[in-house]
2 protein chains.
Amino acid sequence: MFSKACEYGIRATIYIASRSRQGERAGIKDICKEIGAPEHFTAKILQNLSRMKIISSVKGPNGGFYLDEGAKNIKLIDVVRAIDGDKLFTGCGLGIKECSETKPCPIHNEFKAIRNSLQQMLERTSLTDLTKDLEKGLVFLKR
Amino acid sequence: MFSKACEYGIRATIYIASRSRQGERAGIKDICKEIGAPEHFTAKILQNLSRMKIISSVKGPNGGFYLDEGAKNIKLIDVVRAIDGDKLFTGCGLGIKECSETKPCPIHNEFKAIRNSLQQMLERTSLTDLTKDLEKGLVFLKR
DNA sequence: ATAATAAAGGATGTTTTTGTCCTTTATAGG
DNA sequence: CCTATAAAGGACAAAAACATCCTTTATTAT
Ligand code: FES
Ligand code: FES
């Protein structure tokens, strides 16, 4: 479904959102330990998200990644789009050159419905929403 | 969503089902021309599907791939499972080691709903179902 | 029998994705 | 200013996915 990069990216940003809500920044080592992801690879992903202004970062002692005030209602779809693009939401399920109503593939209608419900789910879910259950220990970012 | 191999595999088997309904076998060259897929790569995929008894084949002149009588109600999910496995239907959307109710990831419930509706769609759609619209020229397997 | 045909199988090559390592740059604190 | 810290960036490595090529085997028609 999502690429590994995207999976790590989402898990990392959820964790960052949680730490951020507590007024803390999260270091890459810490993040990767908590979400069970490869450190250097995840660092690259967060660098990209940072360049795209999805998340913020500061270097140096007590530095790390965080969500700035305006980014508190970043939605999952923003993270997915930033990492995997929107092929998943606009592309044909059977991989024909383009998904269109006028020249649809055999599963176009059924697939589109599922693709749209995935998109809507990602659009309505913000990182901050997910931190609540995480902090209550009801959901997990690894194992 | 699906791998390239799976996309080609589904498109190829739909085309095979259609030719099969007309009592014909389809050769690999023909298939790949009609669905716009790489010939040698697709040949491998169909060889696998053939070994797994999803489709049938005969060698030699007038040979080719076809659906045998018992395989006429092969569902899309059979093709997907044979090629991509069932990670898509059982795995965690955020890539944690396993998807479980007792240790769910933050999007488990929402994701599971979508994953299930995809699975159900693939379970209720047979290759033969899809050939009707194809033969009417309402849907397409390339471009 | 023989030749032509078409799938099966094995080997190999390319590209993309995933993952690691090392150096550079920015920042904070003494 | 100097040092320690932590992200940024570039280069490289490994694995998986995607794709091609060539030889072998089975089948059909002559
Ligand atoms: S054309 Fe295939 S999903 Fe729209
Ligand atoms: S645990 Fe993530 S989808 Fe079930």
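- Atom pair A:Asn48:CG and D:dG9:C1' shows a separation of 11 Å (rounding to whole Å applied).
- Between chain A and DNA chain C, the heavy-atom contact criterion of under 4.0 Å yields a 5' to 3' nucleotide range of C:dT18 to C:dA28.
- In this structure, the CG atom of A:Asn62 is 10 Å from the C1' atom of D:dA6, given to the nearest Å.
- Taking the nucleotide of DNA chain C with the nearest heavy atom to each of A:Thr42 and A:Lys59, the more 5' of the two is matched to A:Thr42.
- Taking 4.0 Å as the cut-off between side-chain N and carboxylate O, B:Glu110 and A:Arg124 count as a salt-bridged pair.
- For D:dC18, the OP1/OP2 oxygens have no side-chain nitrogen or oxygen of B:Tyr8 closer than 4.0 Å.
- Each of D:dT20, D:dA6, D:dT28 was ranked by its minimum atom distance to the side chain of B:Lys44; first place goes to D:dT20.
- Listed for the A:Thr13 side chain is a donor-acceptor partner under 3.5 Å among the backbone atoms of A:Gly9.
- Between the B:Arg11 side chain and the B:Leu141 main chain, a donor and an acceptor come within less than 3.5 Å of each other.
- Comparing B:Arg25 and B:Phe41 by the nucleotide of DNA chain D that holds the closest heavy atom to each, the one mapping nearer the 5' end is B:Phe41.
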*asked:* Run B:Ser126 and B:Asn73 through side chain to side chain donor-acceptor pair (under 3.5 Å) and show every step you take.
replied: CA-CA 6 Å; B:Ser126 75; B:Asn73 72 337; over 6 Å; no
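- Among the protein residues, A:Ile28 comes within range of the sugar-phosphate backbone only, with heavy atoms under 4.0 Å from sugar or phosphate atoms but none that close to a base.
- Nucleotide D:dA6 holds its P atom 16 Å from the OH atom of A:Tyr66, rounded to whole Å.
- Using a 4.0 Å heavy-atom criterion, one finds that A:Ala26 contacts the sugar-phosphate atoms exclusively.
- If you measure from atom NZ of B:Lys4 to atom C1' of D:dT20, you get 17 Å, rounded to the nearest angstrom.
- The backbone N or O of A:Thr131 lies less than 3.5 Å from no partner atom in the side chain of A:Arg21, so there is not a single donor-acceptor pair.
- Side-chain atoms of A:Asp133 never come within 3.5 Å of backbone atoms of B:Pro106 as a donor-acceptor pair (strictly under, hydrogens ignored).
- Sorted by first and then second residue, the pairs that involve residues 17-58 of chain A and meet ring pair (Phe, Tyr, Trp, His ring centres under 6.0 Å), not counting sequence neighbours, are A:Tyr8-A:Phe41.
- Where A:Pro61 and A:Gln47 each meet DNA chain D at their nearest nucleotide, the meeting point lying more 5' is that of A:Pro61.
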